[in-house]
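Quick note: numbers below take in every heavy atom, side chains included, and nothing from hydrogens, waters or symmetry partners. Whatever order the structure lists them in is the order used to number ligands and atoms, beginning at 1.
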Amino acid sequence: MSTAGVREVVILGGGTAGWMTAAALVRALEGSGRRVTLVESDAIGTVGVGEATIPTIHWFNQIVGLDEAEFLRETKATYKLGIEFAGWNGPGSAYFHPFGTFGPPGDGVMFLHRLIRGRLDGLDIATEDVSLTARAARTARFAKPVADPRSLLSTLGYAYHFDAGLYARYLRRHAEARGVTRIEGKVATVEQHPETGCITALTTEAGARIAGDLFIDCSGFRGLLIEETLGAGYDDWSQWLPCDRAWAAPGAAEAAVIPYTRATAAEAGWRWRIPLQHRTGNGYVFASRFQDEDAARASLLAALPTPPLADPRLIRFTPGRRRRAWVKNVVAIGLSSGFLEPLESTSIHLIQSGIAKLLALFPRNGDDALLAEQYDRVLAQEMRDIRDFLILHYRQTAGRGEPLWRYCRAMPIPETLAYRIDQFRRSGRIMLSSDDLFRDASWFAVLDGQGVVPTDYNPMIEAAGAEDNRGYLNALRKAIADACAKLPTLASQSG
Ligand code: FAD
């Protein structure tokens, strides 16, 4: 490592994390005289999954400067309006976690209290009927949110499904065009400074030596730099998130593409179904202590909606987080920093979040203990918040008798989550911090969808009488249905 500050940034890994980081860094460092080099191994390859995103992806595409039409074309992407959770309250049950907000524009959290009150007063009104995004998803319609805060269309939200391999290739072209140097080869040795322990260079099996001042570890689950070299440690969260395996199998494209991910509860986990332009992404995330790998594979194959295009591939993981994601002059981004299963499609968001933090805390010298501590603290909190949101899905289920689901209904949960569930049940309030990724609408969708029923609401809304409130909700339901009917169908649009 040179003493003149960070001149050479080296990224180890060319999966989604590596190329997202390279594309963002090269753009942010433009003109600063700093160079970005990425090393990846074709022989090792990438994890090859990670197809569903959440709306924060727009931030990333914007800072990198991607053109949406080109991005959709190049990555064979489709629009995603949310997630359908099927079978989480027993066979035949389904609820929808939509992006965007519920109710009319601008009424935000208070609207949820109006809805709770209407129901406590006897009104039969479905949660999906008060979300324009959910209605659009169910009727295969799509429009982008508008900026006009008076329009119902401002309550819409969307993200994408895309092909992870094509996405990495697309970002690679983008990053290389802006000056990122790519080196192909398997890193065999890692050099460290004899006194500081900072990493100074990587050498590939073929003998290429890549020296650097700051190293970004995007080497996947193994964490070649952060763990195997610097021993950061790992917090295992499998007592709350028991799934530790996934079978993934691409299938033929479906005749009609739906604008949402489907997450279907199964005997020892859940299956994902992700529509892309050219194929369907399928997988089964399961807990190996409740079902063996062969049985899980057979379960996935039996449930495929279209013929498989390849043999299922097994991925093993440990849910949790790297105890320190920045150690000395190494910052871990992507799977090397930890993994939360894909139930709410949060890993790509966490990559972006790592990149955003790195840009905000970019060190003058690679090794800066105070910046590292801040990076870790904020990332750890974000991962704990997402962890709690995921645990909620497993904890609050009904109607499934298999051992995994019985275990989850009885398992002790983090106090932070128990507090949120209790508060919602008692007062209709969703207790969030300003940094929580998932906001009121998302927590409400899942709490409500998984059968947690609030017994009270915020009395601030009582300025209107009960009858007026019911009338308001009925009128809103009709306005949303009317607005939805005017949205263009997905079939009439490309992408
Ligand atoms: P990888 O893809 O594993 O890439 C690691 C890179 O490091 C590769 O290029 C490899 O060649 C390189 N490398 C490793 N060792 C060496 C070495 N010695 N020398 C040179 N190069 C090396 N996320 C979402 O947001 N949405 C989803 O729907 C979603 N679904 C998922 C489903 C499953 C089952 C799993 C397991 C993950 C899912 N994810 C999802 C997470 C998502 O796949 C990852 O966050 C994303 O792909 C980033 O992976 P990565 O780049 O960190 O690691």
Side-chain angles (χ1 to χ4, degrees), residues 10-22 37-57 60 80 83 159-165 167-169 171-172 182-190 202-206 208 210 216-229 243-249 261-263 269-274 276 281-286 296 300 312-319 322 325 332-355 386 437:
V10 178
I11 298 168
L12 172 61
T16 305
W19 284 113
M20 284 179 80
T21 307
T37 304
L38 183 146
V39 195
E40 66 176 320
S41 159
D42 289 344
I44 294 177
T46 67
V47 72
V49 279
E51 300 175 327
T53 59
I54 58 175
T56 54
I57 187 80
F60 178 78
K80 173 181 172 187
I83 305 175
Y160 311 101
H161 306 112
F162 54 63
D163 181 310
Y167 185 57
R169 246 174 278 164
L171 289 177
R172 172 181 160 190
R182 170 182 182 263
I183 295 174
E184 199 287 314
K186 186 173 170 190
V187 169
T189 51
V190 179
L202 313 177
T203 305
T204 66
E205 279 176 346
I210 307 117
I216 317 297
D217 187 346
C218 298
S219 65
F221 287 126
R222 60 187 298 203
L224 179 63
L225 307 181
I226 199 80
E227 188 63 53
E228 291 183 10
T229 311
C243 291
D244 60 352
R245 301 275 192 280
W247 282 106
T261 302
R262 204 170 260 157
W270 62 278
R271 290 188 302 271
W272 79 79
R273 185 162 151 196
I274 296 177
L276 302 175
N282 303 293
Y284 178 27
V285 177
F286 66 100
L300 174 66
R313 214 161 43 81
L314 182 67
I315 302 159
R316 300 190 173 101
F317 57 84
T318 306
R322 198 70 66 197
I333 293 183
L335 297 174
S336 62
S337 66
F339 181 58
L340 288 164
E341 58 148 285
L343 189 53
E344 286 282 354
S345 324
T346 42
S347 288
I348 292 171
H349 165 82
L350 284 168
I351 294 172
Q352 294 171 209
S353 179
I355 293 169
I386 295 173
L437 168 65

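Of all protein heavy atoms, the one closest to atom 30 (N) of ligand 1 is P342 CB, 3.2 Å. Protein heavy atom nearest atom 10 (C) of ligand 1, with residue, atom name and distance: G45 O, 3.1 Å. Scanning the protein heavy atoms around atom 43 (O) of ligand 1, the nearest turns out to be V49 O, 2.8 Å. Considering only non-hydrogen protein atoms, atom 39 (N) of ligand 1 sits nearest to G50 CA, 3.7 Å.
A salt bridge is defined here as a Lys NZ or Arg NE, NH1 or NH2 lying under 4.0 Å from an Asp or Glu carboxylate O, and E228 with R222 meets this definition.
At least one heavy atom of S345 lies less than 4.0 angstrom from ligand 1. A43 does not count as a contact of ligand 1, since none of its heavy atoms falls under 4.0 Å from the ligand.
Of the options I83, V47, L202, the smallest heavy-atom separation from atom 1 (P) of ligand 1 is shown by V47. Here the shortest heavy-atom distance to atom 14 (C) of ligand 1, taken over S219, G223, G354, belongs to S219.
In C218, the part holding a heavy atom less than 4.0 Å from any atom of ligand 1 is the backbone. At a heavy-atom distance under 4.0 Å, only side-chain atoms of I351, from C-beta outward, approach ligand 1. The part of I315 lying near ligand 1 is the side chain, judged by heavy-atom distances below 4.0 Å. In L224, the part holding a heavy atom less than 4.0 Å from any atom of ligand 1 is the side chain. Under 4.0 angstrom from ligand 1, the non-hydrogen atoms of A246 all belong to its side chain. Only the side chain of R222 comes within 4.0 Å of ligand 1, judged by heavy-atom distances.
Atoms of ligand 1 found under 4.0 Å from any heavy atom of A52 (numbered from 1 in listed order, with element): 24 (C), 25 (O), 26 (N), 27 (C), 28 (O).
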